[in-house]
Each structure stands twice: as C-alpha cells, then as structure tokens.
Amino acid sequence: MEKWFNVGKIVNTHGIKGEVRVISRTDFAEERYTPGNPLYLFMPDAKEPVKLIVATHRVHKNFDLLTFKGYENVNEVEAMKGGILKIQESQLTELEEDEFYFHEIIGCHVFTTDGEEIGKVREILTPGANDVWVVKGKGGKDILIPYIEQVVKKVDVKEQVILIEPMEGLLS
C-alpha cells in the first residue's frame with residue numbers, strides 16, 4: 001500500500017487564470033512544485049485523489065501560487081479550495097547526508113549530549129536561513145531548536161533520537 005505525504009493545502013484561488021494559493025507543508029517546495037511534477041489532490045468528500053500536473057509555480061506573499069495543466073481559469077479550480085495536495089512515497093528522492101524529510105524528524109525524542117531529555121519534535125518551522133525544530137518540552141512549553149551544526153549533534157531517524165548541544169539561552 002502506497003504511503004502519501006502532505007505537500008500543502010489549497011486555501012484559495014488567485015486571479016482568473018486558474019492559479020491556486022497554497023499553504024505549503026513540504027520540506028522541498030521548489031522540487032515539489034517544479035513544472036511537470038505530479039501532485040495528487042485529496043478532497044474531503046472524494047474517494048479517490050485527482051492527479052494534477054504542475055504547470056507553473058511562483059511565490060507571492062508567503063504563499064505558493066500554482067497552476068495545473070488543463071486547468072486554465074478560475075471556474076475550473078474553484079472547487080479545489082480546501083483540498084490537500086500530496087505526493088506518493090515513491091516520489092521522495094534520496095537526500096544528501098545530514099538532510100532529512102520533515103516526517104523523519106517530527107516525533108523524534110530530543111536529548112542533550114549529557115543525556116537530559118528535552119522533549120519531542122512536534123513541528124518544523126522554515127523561517128529562512130535554517131529550519132527550526134519546535135520541541136514540546138516536558139513542562140509543556142515549546143522549545144525552539146535551530147537545525148545548525150553547533151546545536152544538533154546527532155540525528156538517528158531509525159531510533160527516533162536527536163542529540164543536541166545546548167547553547168546558552170536555548171533551553172531557558
């Protein structure tokens with residue numbers, strides 16, 4: 001059985017030429033939205049996903065704007081609002097060393113190099129230069145861990161364990 005991975009949600013249409021506005025939940029937006037790539041649209045009431053082929057992609061005000069082959073005007077994409085775009089597991093590509101998919105990191109347990117348990121990664125933010133892992137701390141408070149060499153010392157996705165070197169101010 002094929003596994004599916006969430007790429008983003010279509011939240012609105014944009015203009016009259018069939019462009020849709022997507023809030024992305026993907027690790028490699030540029031790769032996912034390359035023209036010619038297939039994405040699968042899951043609608044709340046549909047039994048089967050609809051295969052869509054990316055025609056164009058651009059970024060506008062923190063949204064990814066996409067058009068799909070065969071959908072040239074707003075009336076044809078209006079019904080896609082609220083739909084979730086996904087890819088199949090077979091579309092995932094091999095990553096470089098020290099690169100990970102979001103689904104591999106979310107849920108991992110975070111410990112300091114001294115063995116102190118910090119919490120569990122619940123979300124990944126992508127503000128710019130480097131990703132930030134949001135860890136649900138033992139006290140219920142969110143702890144933000146920058147994914148940088150100085151902090152993240154070891155990632156074992158098989159064991160679901162991440163070791164970090166706490167920097168001053170990081171865990172306070």
For E72 and E76, the nearest pair of non-hydrogen atoms, with its separation, is N-OE1, 2.6 Å
If you draw the axis of the six-membered ring of Y40, does the NZ or CZ of K51 fall within 45° of it and under 6.0 Å from the ring centre?
-> no
Cationic N near anionic O, under 4.0 Å, D142 to R122 = yes
What are the two closest heavy atoms between N6 and K86, and how far apart are they?
-> CA-CG, 4.0 Å
Cluster check V157, V121: I/L/V/M/F/W/Y, side chain < 4.5 angstrom | yes
Could you state whether V7 and M80 fall into the same hydrophobic cluster, counting links through intermediate Ile, Leu, Val, Met, Phe, Trp or Tyr residues with side-chain heavy atoms under 4.5 angstrom apart?
-> yes
Atom NZ of K69 with >12 non-hydrogen neighbours under 6.0 angstrom = yes
Side chains of Y33 and T56: donor-acceptor distance under 3.5 Å anywhere?
-> no
Please check if V50 and F5 belong to a single hydrophobic cluster, counting links between Ile, Leu, Val, Met, Phe, Trp and Tyr side chain heavy atoms closer than 4.5 Å.
-> yes
Only one of L85, V77, I10 forms a side chain to side chain contact (heavy atoms under 4.5 Å, CB included) with L66, so which one is it?
-> L85
Could you tell me whether the side chain of V20 reaches within less than 4.5 Å of the side chain of N12, counting heavy atoms only?
-> no
Just do the side-chain hydrogen bond (donor to acceptor under 3.5 Å, both in side chains) check on T67 and E19 with the steps written out, would you?
-> CA-CA 5 Å; T67 59; E19 217 167 19; over 6 Å; no
Just wondering, do H109 and I162 contact through their side chains at under 4.5 Å, heavy atoms?
-> no
Between I87 and L39, is any pair of side-chain heavy atoms under 4.5 Å apart?
-> yes
Counting heavy atoms not belonging to K81, are there more than 12 under 6.0 Å from its NZ?
-> yes
Output the distance between atom CD (Q88) and atom CH2 (W4), rounded to the nearest 0.5 Å.
-> 4.0 Å
